[in-house]
Amino acid sequence: MAQFIEELKKSHGAGELRLSHKGEQVVLMGWVDTVRDLGGTLFIDLRDRSGICQVVLGSEQLNDLQLEVARSLRQEYVVAIMGDVIARGGKPNTNLKTGEIEVLAKDVALLNRSQPMPFQIADNVDTGEEVRLKYRFLDLRRAPLQKALLMRSKAALIAREHFASENFIEVETPILTKSTPEGARDYLVPSRINKGKFFALPQSPQLFKQLLQVAGFERYFQICKCFRDEDLRADRQPEFTQIDLEMSFVTPDDIMAVCDGMLQKMFKHILNVDIETPIPRITYDEAMARYGVDNPDVRFGMELFDITEDTRDSAFKVFSGPATGGGLVTGIVVAGGASFSRKDVDALTEFVKTYGAKGLAWLKRNDGAFSGPVSKFVDVALEKALLEKAAMKDGDIALIVADMDASVARTAAGRLRTHVAKSQGMVNPGQFGFTWVTDFPMFEKDEETGKLAAMHHPFTSPRPEDVSMLSTDPLKVKTRAYDIVLNGQEIGGGSIRIHNQDVQAEVFKALGIGDEEARNKFGFLLDALSFGAPPHGGLAFGFDRLVSIMSGLDSIRDVIAFPKTTRAGCLMTDAPSEVDDKQLTELGIKRLD
RNA sequence: GGGGUGGUAGUUAAGUUGGUUAUAACGUCGGCCUGUCACGCCGAAGGCCGCGGGUUCGAGUCCCGUCCACCCCGCCA
């Protein structure tokens, strides 16, 4: 028997073989996908990264020893096959790319056995995530996950090529860095040498990339891990990957143009989808007014209407109260929605309640008349507003949210819009809808403390024309910040940064951060800004989200090789885990309990 | 921190009003089979009904608590 691996090298990927290889002797190595033992002849589907190929193991080509090996094969055993590519003896299998050929084995070797699988290695597996995550190395054998990670690899390569061609330099920044109380909760790492002190894992390389601009690199990028100790979602992991970039001497337009270029290349080369550039832009205010959210899904219309002014004198207090009290009356018109059942509407009501809305008012329009419990309150002004402003037609339903808190009403209506669109099949899943959202507010009010908080981060540059309002009317200040949104998900965001110490000081003041506190937390940045910092700005893409949308997967877990659960743990390694007291002592740490 | 869905064989599920022996399919194991391709046929094994407590003559089923997975709100850019 020939020595596989040492002498007989793997010659082809199983999935690469075609009729054009007919007559060639090949060596395949991979996993047994399925075995079909017919007694005299035995077929196996041999699988490797490239795909699947049928191998025929028969008594005419193999000796008794080899046949014994063949008969012992089970699913997921690792095998090596040497044989000839021949045209299929039976009918071609149209389900396989290699379906016109098969490999007639002349030698077979068992490279390794496998325990029975906890679940089947198939494209569509109905096994729950709990089991799949525990055996992630098996889940990753499945073609959909292999494809997703391949796409991710290609996307990263295109990003690197793009930024390199645009004269960017890739620079690594520290993973062990300084905790800053701004933004998300930090993951902390105790310092053994400096007992009682801690590093933080970076939430993003934000400050370092700015320092690289001060250092004169002018164009920096990096594909880097970031860490945030917050509660998780389908699109949020405790550690995730950003494509991070920063540029000197630029306007927002310059940065957006570079990013447009990267997205254009990725979508063209990976999906063969043409993105028209420049990608359209709308302001934050416009996004909020038209879509109710700052991450609008622009693949469909059904924009929000605002009937606040038209319901001021309404006899319906649910409307007139918010309308006259500084609140908002808004909603959507669903074309054909008059066919919604009571149950449908009840479900939508429950949906908006999760966003803090008190309820959902609805009006159906049929045969030129309104119906529904609120219809008795439809006066001339409201009728005019719904028919003209909201363009409601026969067969439609208007879903209306009114609230004293305008942002509650807007958010509820905005989320309702995408919820209804998805459930009504108004969204084409193969379509990609990009938009930039620009001119974000500088501050938002923290509901708990009543203090101002930075919406993006405190180094975001206000629009030059708004700087004077920093002290007088900070909530009105808009910034040179921008998010890139794809299919209703934020896939990136950035800003022009403050490069002027005086402006930075004013922002800290508005945030209630004193001189001493600022120096303590960001001293090195303030220092740097005082040594000839160039005007600069940048952006970071959420790489996992971008790849998950490109691959049509709902969860970023599907595009991360070894993701964590919603409890921020790893079911495969059982991390996080307890450590020895000895380790803690060495770090100067004591358990509380 | 809050709300929701789920947890029964290796996997996916069924399990009636609480009723005595907890089903099925796939997988696994054994046997047969030379053109299958989710091969087929015959047979077998396989259970802490997530865990703990309670109600009851009796709990997979009802109640309380708890753990885990997923989805959402808050949080997070």
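Throughout, protein chains are lettered first and strands after them, A, B, ... in sequence-line order, and every chain is numbered starting at 1.
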Would you indicate, yes or no, if [N] has its OP1 or OP2 atom less than 4.0 angstrom from a side-chain nitrogen or oxygen of [X]?
{"X": "A/R36", "N": "B/rC39", "answer": "yes"}
{"X": "A/T354", "N": "B/rG3", "answer": "no"}
{"X": "A/T565", "N": "B/rA69", "answer": "yes"}
{"X": "A/R567", "N": "B/rC68", "answer": "yes"}
{"X": "A/R132", "N": "B/rU11", "answer": "no"}

Less than 6.0 Å separating the ring centroids of A/F137 and A/F562?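 They do not qualify: ring centres at least 6.0 Å apart.
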Among [options], find the nucleotide with the atom closest to the side chain of [X].
{"X": "A/E130", "options": "B/rC76, B/rA69, B/rC39", "result": "B/rA69"}
{"X": "A/Q54", "options": "B/rC39, B/rU34, B/rU36", "result": "B/rU36"}
{"X": "A/A234", "options": "B/rU11, B/rC72, B/rU36", "result": "B/rC72"}
{"X": "A/E230", "options": "B/rU28, B/rC75, B/rU11", "result": "B/rC75"}
{"X": "A/F440", "options": "B/rC76, B/rU36, B/rA77", "result": "B/rA77"}
{"X": "A/D231", "options": "B/rG74, B/rU36, B/rC76", "result": "B/rG74"}
{"X": "A/Q120", "options": "B/rA77, B/rG27, B/rC76", "result": "B/rG27"}

Give me the one residue out of A/K478, A/R281, A/R463 that meets salt bridge (charged side-chain N to carboxylate O under 4.0 Å, His left out) with A/D439.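 The option that passes is A/R463.
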So does [X] reach the base of [N] with its side chain, donor to acceptor, closer than 3.5 Å?
{"X": "A/R415", "N": "B/rC73", "result": "no"}
{"X": "A/R233", "N": "B/rC70", "result": "no"}
{"X": "A/R228", "N": "B/rC76", "result": "no"}

Using the [atom1] atoms only, state how far [M] lies from [N], rounded to an integer number of Å.
{"N": "B/rU12", "M": "B/rU17", "atom1": "C1'", "value": "28 Å"}
{"N": "B/rU28", "M": "B/rA22", "atom1": "P", "value": "26 Å"}
{"N": "B/rU8", "M": "B/rU61", "atom1": "C1'", "value": "11 Å"}

Note: for A/K91 and A/T411 on RNA chain B, the residue whose nearest nucleotide lies more 5' is A/K91
Please tell me which of A/D235 and A/G183 maps to the more 5' nucleotide of RNA chain B, matching each residue to the nucleotide holding its nearest heavy atom. A/D235
So, using ring-ring contact (aromatic ring centres under 6.0 Å, His included) as the criterion, who are the partners of A/H456 when residues are at least two apart?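 ring-ring contact (aromatic ring centres under 6.0 Å, His included) check on A/H456 returns nothing, list empty.
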Mind calculating the distance between [atom1] ([X]) and [atom2] ([N]) to the nearest angstrom?
{"X": "A/F43", "N": "B/rG40", "atom1": "CZ", "atom2": "P", "result": "14 Å"}
{"X": "A/Y355", "N": "B/rG3", "atom1": "OH", "atom2": "C1'", "result": "13 Å"}
{"X": "A/L104", "N": "B/rG35", "atom1": "CG", "atom2": "C1'", "result": "12 Å"}
{"X": "A/D554", "N": "B/rC71", "atom1": "CG", "atom2": "P", "result": "9 Å"}
{"X": "A/D139", "N": "B/rG10", "atom1": "CG", "atom2": "C1'", "result": "16 Å"}

A/D544: which of A/Q237, A/Q242, A/R152 passes side-chain hydrogen bond (donor to acceptor under 3.5 Å, both in side chains):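 Filter result, single survivor: A/R152.
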Set out, in order, the CA-CA distance, both residues' side-chain angles and the distance that settles side-chain contact (heavy atoms from CB on, under 4.5 Å) for A/R18 and A/E100, then state yes or no. CA-CA 7 Å; A/R18 297 291 182 275; A/E100 288 188 296; over 6 Å; no
What's the spacing between A/M256 CE and A/T438 OG1 if we round to 0.5 Å? 6.0 Å
How are the rings of A/W436 and A/Y482 set relative to one another: parallel (under 30°), tilted (30 to 60°) or perpendicular (over 60°)?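 Perpendicular: the ring planes of A/W436 and A/Y482 meet at over 60°.
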Please tabulate the protein-to-nucleotide N/O contacts below 3.5 Å involving nucleotides 30-32 of chain B, giving atom names and distances.
none

